[in-house]
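What follows is a set of notes on a single structure, which appears directly below.
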Amino acid sequence: MDHSPENVILVGGGVAGLATALALAPLPVTLVVAAPLGAEAATGWAQGGIAAAIGPDDAPELHAQDTLDAGAGLTEPEVARRIAQAAPGAIDWLVALGTPFDRDGTGALALGLEAAHSRRRIVHAEGDGTGRVVLETLAKAALACPSIHVLAGQRAIRLLTDAEGRVAGVGVQDRDARVAALAGRAVVLATGGLGGLYAATTNPLGATGSGLALAARAGAVLRDMEFVQFHPTAIAAGADPMPLATEALRGEGARLYNARGERFMAAIPGAELAPRDVVARAIFAEIAAGRRPVVLDARFEGVARRFPGVVALCRAHGLDPAEAPIPVRPAAHYHMGGIEVDAAGRSSVAGLWACGEVASTGLHGANRLASNSLLEALVCARAIAADIAGSPMHALGRLAAPGAPARPSPARAEIRALMERQVGVVREAAGLESAIARLAELSAGGEDDLALVARLVAEAALARTESRGGHFRADHPEPAAQALHSRTAPFAAPIAAPDASADAVRQVA
C-alpha cells in the first residue's frame, strides 16, 4: 500500500467514494470499505435515476428552481444552480465510462418524470436499476485504475489528527478486531446516511451514520441533523430493510388508495407527485387513522417491462403489482443533514472533506428533490478531487493513536424502535425529550455510535420548533417566518492526543 505524502484516504465505496477516487487519479488513493466493493452501498439500491436538464424543453435554471422549491427555504440558490449546471456534464462522464443508460427510439437518453420535477429529466438505466448499474460501472473503473487501492473488510473507527489538529489519517479495524492506523494527506468521508437507525428503512442496515460519528468526534460542525426524508412508498411486506417502490411509478401513473378505496391524494396539490414529505405525511395520516393498508396501484400497461426491479422485489415477497396493488408505508430513506461542507467539500476541520449523503452541501435543504442524490455525489466528487489536488501537501508527522477496537451497539434494536416511534414522520416535544433522555443513557458517554448519532438527530428535532420539509412537529405544525439552518459541534476538539508515528503505520492487506 502507498503511504506516500500524496496518499488520499477515502472511506466509503458507493457512488460518492468511487467517483471521488476516480476523479483524484493519478493521485494514490486508499479506498476503505467494510465489505467487498459496492456490496453494502446504498447507491446500488437507488431505483429512480439521476436528474439532469438535458431535454429540449428543459434548462439547468428550471432544474435549480425545482430543487429550491422542494427544499422548503433551506436550499442554497448558488449551490442548486452550480450542481444543476454541472448535471449534463456528469451524465456525459458516466456515458464515457460505459454506463448503459436507457434510450428512446431515436437513440437519445430516455427521460423519466418524478415528483416535484417540472420536466422529464430523470436519466435511468435498466428501468429502475440505475443505482446498481452506475455502481457497477464505477466499481469496474475503480478496480482497473492503478492509483486506487481498495482496502476491503476494514471499518473506519477514528479520524486521526496530527500535532496541529489536522486530520491526517484514519484508524481502521478488521473483522478480527485488529486495529491499525492509515496516514494520508487528506481524508474524504463518503459513508452514506443513517436510515438504518430506524426500524422502517429502505437503506442497508449498516447505514447508521458512522461517518457522522467520526466527524463529530474530530470536532467537525454538523448541520441540519433533524431533516430525515421518509420515502412514501416503501413496500410493506415484512422485510427489513424494506424494498422500495420507486417514485417513478407514480410519475408513470400509479395511484395511492386507502383501505376504503379512496384516492386520498387527489385533493392535495400535486396529488401523487407532490413533494415526498407531503406524500409521506398523507400516507402516515391514513395509517394512523386506521384506514390501512394504504396501497399503490401500479396496474398500468408495461409495468413489468418498465420497472423490472420493483416487480422482482414484489414477487420475491409474494406480491404481483401487475395483478394487485402494492401495500406501502413511509420509511426512512435519506438524510438531508450531515457534515457541513463548502463548495469544495471541505469540512470545518482541516484535512477532512465529505461527499455524498454524509455531507450537508446546501443542495437538499429541508427536503431532497427526487434523483438529486446521485447527482450531488457525482458533481461534488470532482470539486473535492480538484481541491485536494491543488492543496499543499503536509508532512506526515505524528498521529493520534487509532484507539481501542469498536464494539457493536448493544442497544441497536431498542434505538431503531425508539427512533421510529418518537423521531419519525411526525414528532412532538414530549416524545423527543423522552427519546433524548433514553439515548443519553444508551450512548455510554458518547462511545456508542448509533446512540450518539440518533441523539444528535433527536436534539436537533427538539430544537427546531417549527415544521419544515422532512421535519414535522405536531405541536408546531407551521413553518417559522425565517428559514434557518441548525448547527452542532458535539465535540469541540479531537479527543485523542498524538502518540503514534506515521512511520510505523501498519501495512494492511
Side-chain angles (χ1 to χ4, degrees), residues 7-25 27 29-46 131-132 134-139 141-143 145 148-160 167 169-174 182 184 186-197 203-218 220 222 334-335 337-339 341 345-347 351-361 373-385 388 406 449 453 508:
N7 187 52
V8 177
I9 302 172
L10 246 161
V11 184
V15 63
L18 290 171
T20 305
L22 288 166
L24 280 164
L27 287 180
V29 172
T30 299
L31 190 61
V32 179
V33 289
L37 195 59
E40 293 183 2
T43 298
W45 298 16
R132 175 181 53 78
V134 169
L135 185 64
E136 289 172 352
T137 302
L138 294 176
L143 290 172
C145 182
I148 299 174
H149 175 80
V150 179
L151 192 60
Q154 301 284 336
R155 176 188 172 196
I157 60 171
R158 188 81 65 193
L159 295 178
L160 307 180
V167 172
V170 175
V172 296
Q173 176 179 322
D174 66 16
L182 306 177
V187 174
V188 183
L189 293 179
T191 51
L194 50 67
L197 292 177
N203 291 177
L205 297 186
T208 55
S210 60
L212 298 170
L214 289 170
R217 292 198 174 96
L222 308 180
Y334 192 88
H335 186 218
I339 303 164
V341 296
R346 294 188 181 208
S347 75
L352 178 65
W353 285 255
C355 188
E357 191 172 352
V358 73
S360 174
T361 65
S373 56
L374 298 184
L375 171 64
E376 177 193 44
L378 291 165
V379 172
C380 293
R382 298 178 74 85
I384 290 169
I388 291 173
D449 282 2
V453 176
V508 184

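FYI, side chains are in, hydrogens and waters are out, and symmetry mates aren't considered; it's all heavy atoms of this structure. The model shown is predicted, which means the values in this text are computed figures rather than measured ones.
- Between V8 and V188 there is a side-chain heavy-atom pair separated by less than 4.5 Å.
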Q: Apply side chain to side chain contact (heavy atoms under 4.5 Å, CB included) to the pair T137 and V134, showing each step before the final yes or no.
A: CA-CA 5 Å; T137 302; V134 169; 5.6 Å; no

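- Between T30 and N7 there is a side-chain heavy-atom pair separated by less than 4.5 Å.
- Looking at R158 and D449, no side-chain N of the basic residue comes within less than 4.0 Å of a carboxylate O on the acidic one, giving no salt bridge.
- Here T361 pairs with E376 under the side chain to side chain donor-acceptor pair (under 3.5 Å) rule; sequence neighbours left out.
- With hydrogens and angles ignored, the 3.5 Å screen pairs no side-chain donor or acceptor of E357 with any backbone N or O of T191.
- The shortest side-chain heavy-atom distance between L138 and L22 falls under the 4.5 Å cut-off.
- Inter-residue side-chain proximity for L160 and V167 is flagged as unmet; no heavy-atom pair is nearer than 4.5 Å.
- In this structure, R382 has no salt bridge (charged side-chain N to carboxylate O under 4.0 Å, His left out) partners at least two apart in sequence or on a different chain.
- Of all the heavy atoms in A220 and L352, the pair that sits closest is CB-CD2, 4.4 Å.
- Tested against V150, the residues L31, L10, V29 include a single side chain to side chain contact (heavy atoms under 4.5 Å, CB included) partner, L31.
- Within the model, atoms NE2 of H335 and OG of S360 stand 8.5 Å from one another, a figure rounded to the nearest 0.5 Å.
- Between T20 and I388 there is no side-chain heavy-atom pair separated by less than 4.5 Å.
- You'll find the side chain of V11 stays beyond 4.5 Å of the side chain of V33, heavy atoms only.
- Residues V358 and L212 meet the side-chain proximity criterion, which asks for heavy atoms closer than 4.5 Å.
- Rounding to the nearest 0.5 angstrom, the gap separating the CG atom in L375 from the SG atom in C380 is 8.5 Å.
- Residues W353 and V341 are not in side-chain contact: their nearest non-hydrogen atoms beyond the backbone lie 4.5 Å or more apart.
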Q: Check the pair V15 / L135 against side chain to side chain contact (heavy atoms under 4.5 Å, CB included), numbers first and verdict last.
A: CA-CA 6 Å; V15 63; L135 185 64; 5.6 Å; no

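- The line from OG of S210 to CD1 of I157 is 12.0 Å long, rounded to the nearest 0.5 Å.
- Here the shortest heavy-atom pairing between G211 and I339 reads O-CD1, 4.1 Å.
- Here the closest heavy-atom approach between residue G196 and residue N203 is recorded as N-CB, 4.4 Å.
- Looking at every heavy atom in both residues, L189 comes nearest to A215 through CD1-CB, 4.2 Å.
- Scored by the side chain to side chain donor-acceptor pair (under 3.5 Å) test, T208 finds no partners at all (sequence neighbours excluded).
- The shortest heavy-atom contact between A16 and A381 is O-CB, 4.3 Å.
- Considering all non-hydrogen atoms of both residues, C355 and I384 come closest at CB-CD1, 3.4 Å.
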